[in-house]
Amino acid sequence: MQPFRAIAVFYHVARLNSITGAAAQLNVTPSAVSQQLKALEEQIGTSLITRKGRNVGLTEAGERYFEMISDKVDGIIQATALMQGRQQQATLVIRATPTIASKWLLPRLARFLDLMPDTHLRIDGSNEPVDFTRDNVDLEIRHGLGGWPGLYIEPLTEERFIPVCAPTLAVQGALEGRQVLDMPRIRSAKAQVQWSAWSEAQGLGPAPEARLSFDRSHMAIDAAVLGYGVALESELMVEAELATGRLVVPVARTPLLQVATQWLVCPRSNLRRHRVTRLIKWLRAEALDWRRTSPANTIDFLK
């Protein structure tokens with residue numbers, strides 16, 4: 001008979017790729033985790049974990065063993081929670097920036113909830129990157145330009161950055177590029193594409209400094225809707241505002257400034273979990289559908 005405690009310890013180490021992370025979740029010492037792993041390996045008769053300094057990985061046998069036990073251990077954890085009076089459904093935790101969570105993810109969640117009715121979903125809206133060895137997060141939609149070593153990363157989609165303003169400030173397509181730079185402008189401080197790049201792509205030289213600046217894109221978008229100025233934002237974030245006419249693109253033609261800034265990120269070990277892979281497949285499908293129906297598809301881009 002296999003010792004369940006040792007199996008549970010192995011499950012947490014394999015899921016987090018971390019002995020210290022598993023120890024924190026189980027409220028034991030890293031030494032106790034290592035002892036349980038050693039006992040399980042001795043009983044099974046093969047190595048399950050590889051160690052290189054502080055880094056932990058799975059051997060080929062460990063990969064196979066985790067695949068065989070993960071759903072069963074998940075089921076035991078859920079059954080125990082049920083007997084203790086907690087929620088019956090499995091829970092998926094997604095971290096995303098407040099802007100992508102509220103502007104793009106939230107309007108689509110009904111379809112995911114219909115797809116997986118037995119799953120509870122928790123959205124953790126934060127700009128702090130996940131520490132997967134410590135944080136209880138299954139998948140992150142991370143803002144940036146990619147290149148995070150040791151993690152599975154996949155671009156959600158490529159986005160085009162476009163100037164937008166309230167229709168009270170300018171009619172759709174009525175202005176030339178130089179006129180836009182003469183308008184009150186709004187800056188998203190953490191955006192990957194700034195007004196200087198837009199101005200240079202228009203051949204207009206350096207852009208004057210924006211009067212209003214926000215460190216959250218959703219605040220810059222809301223300020224543009226309120227008529228405070230013109231913002232340079234990702235089409236991904238202003239989808240609803242363009243579709244409803246609360247924002248318009250005031251120039252007839254705009255440079256094609258296209259980049260991937262939103263990434264699906266998680267430890268590769270999380271890809272062994274059925275619920276995580278279904279979530280990723282759903283996000284891919286939603287991104288493809290969004291690309292096909294994006295309101296910005298009607299814009300004339302300078303290439």
Side-chain angles (χ1 to χ4, degrees), residues 7-19 21-22 24-26 48-49 55-58 60 62-82 86-97 100-101 104-106 108-126 128-144 146 148-157 260 262-290:
I7 294 171
V9 166
F10 168 75
Y11 166 85
H12 285 287
V13 171
R15 189 170 66 84
L16 297 172
N17 280 340
S18 169
I19 288 176
Q25 281 211 347
L26 295 167
L48 302 173
I49 299 291
N55 296 323
V56 175
L58 297 183
E60 185 177 342
E63 292 274 1
R64 291 199 308 272
Y65 189 56
F66 183 79
E67 289 173 3
M68 288 187 286
I69 71 166
S70 58
D71 286 345
K72 298 176 180 65
V73 176
D74 274 343
I76 293 170
I77 291 171
Q78 293 164 35
T80 303
L82 173 60
R86 298 200 292 266
Q87 63 190 34
Q88 299 180 33
Q89 287 89 347
T91 299
L92 271 172
V93 182
I94 305 174
R95 178 172 291 183
T97 66
I100 191 71
W104 192 84
L105 186 58
L106 185 59
R108 292 169 165 80
L109 284 185
R111 290 194 286 272
F112 179 78
L113 296 175
D114 287 342
L115 177 68
M116 297 184 67
D118 60 339
T119 299
H120 279 187
L121 195 63
R122 194 183 90 204
I123 309 298
D124 181 3
S126 173
E128 290 298 318
V130 175
D131 180 349
F132 286 101
T133 65
R134 181 194 67 207
D135 302 328
N136 183 27
V137 175
D138 296 293
L139 182 72
E140 180 182 7
I141 304 177
R142 184 176 293 186
H143 178 254
W148 298 287
L151 295 171
Y152 172 81
I153 62 172
E154 174 186 331
L156 179 63
T157 187
Q262 306 293 335
W263 302 78
L264 307 181
V265 178
C266 69
R268 291 189 177 276
S269 58
N270 285 16
L271 301 177
R272 306 184 195 107
R273 301 170 63 195
H274 179 62
R275 290 190 299 275
V276 174
T277 56
R278 287 193 74 183
L279 173 61
I280 291 173
K281 288 178 181 177
W282 176 77
L283 286 167
R284 286 177 190 149
E286 289 293 330
L288 286 172
D289 184 65
W290 166 81

Pairwise side-chain contact, I7 with V73, heavy-atom cut-off 4.5 Å (strictly under): yes
Salt-bridge present (R95, E128; N to O < 4.0 Å): no
Distance, nearest 0.5 Å, that separates CD1 of I123 from CD1 of I100: 11.5 Å
Close side-chain approach of F112 to L92, heavy-atom, < 4.5 Å: yes
From E154 atom CD to L271 atom CG, the distance as rounded to the nearest 0.5 Å: 9.0 Å
From R268 atom CZ to I153 atom CD1, the distance as rounded to the nearest 0.5 Å: 8.5 Å
Check: R15 and N270 side chains under 4.5 Å, non-hydrogen atoms: yes
Whether W263 side chain and G144 backbone form a donor-acceptor pair below 3.5 Å: yes
Charged N-O contact under 4.0 Å between R273 and D138: yes
Distance, nearest 0.5 Å, that separates CG of L16 from CG of D135: 10.0 Å
side-chain contact (heavy atoms from CB on, under 4.5 Å) between R108 and W290, intermediate numbers included: CA-CA 10 Å; R108 292 169 165 80; W290 166 81; 3.5 Å; yes
Side chain proximity check, Q262 to H143, heavy atoms < 4.5 angstrom: yes
CZ on R275 to CE on M116, rounded to 0.5 Å: 6.5 Å
Short side-chain to backbone donor-acceptor contact, D289 and A285, under 3.5 Å: no
Main-chain N/O of G21 paired with T133 side-chain donor or acceptor, under 3.5 Å: no
Closest heavy-atom pair and its distance - Y65, L48: CD2-CD1, 4.1 Å
side-chain contact (heavy atoms from CB on, under 4.5 Å) between T91 and L121, worked out: CA-CA 6 Å; T91 299; L121 195 63; over 6 Å; no
Nearest heavy-atom neighbours spanning N17 and P267: ND2-CB, 4.3 Å
Side chain proximity check, L139 to I280, heavy atoms < 4.5 angstrom: yes
Pair I94-V137, side-chain contact (heavy atoms from CB on, under 4.5 Å): steps then yes or no: CA-CA 6 Å; I94 305 174; V137 175; over 6 Å; no
Contact summary for L156 and A287, nearest pair of heavy atoms: O-CB, 3.4 Å
Verdict with reasoning, V130 to V265, per side-chain contact (heavy atoms from CB on, under 4.5 Å): CA-CA 9 Å; V130 175; V265 178; over 6 Å; no
Shortest non-hydrogen separation from S269 to A14 and the atoms involved: CB-O, 3.1 Å
Geometric class of the F66/Y11 ring pair [parallel <30°, tilted 30-60°, perpendicular >60°]: parallel
Contact summary for A22 and V13, nearest pair of heavy atoms: CB-CG2, 3.6 Å
E60, CD: over 12 other non-hydrogen atoms inside 6.0 angstrom: no
Inter-residue atom distance L151.CG - L264.CG, 0.5 Å rounding: 12.5 Å
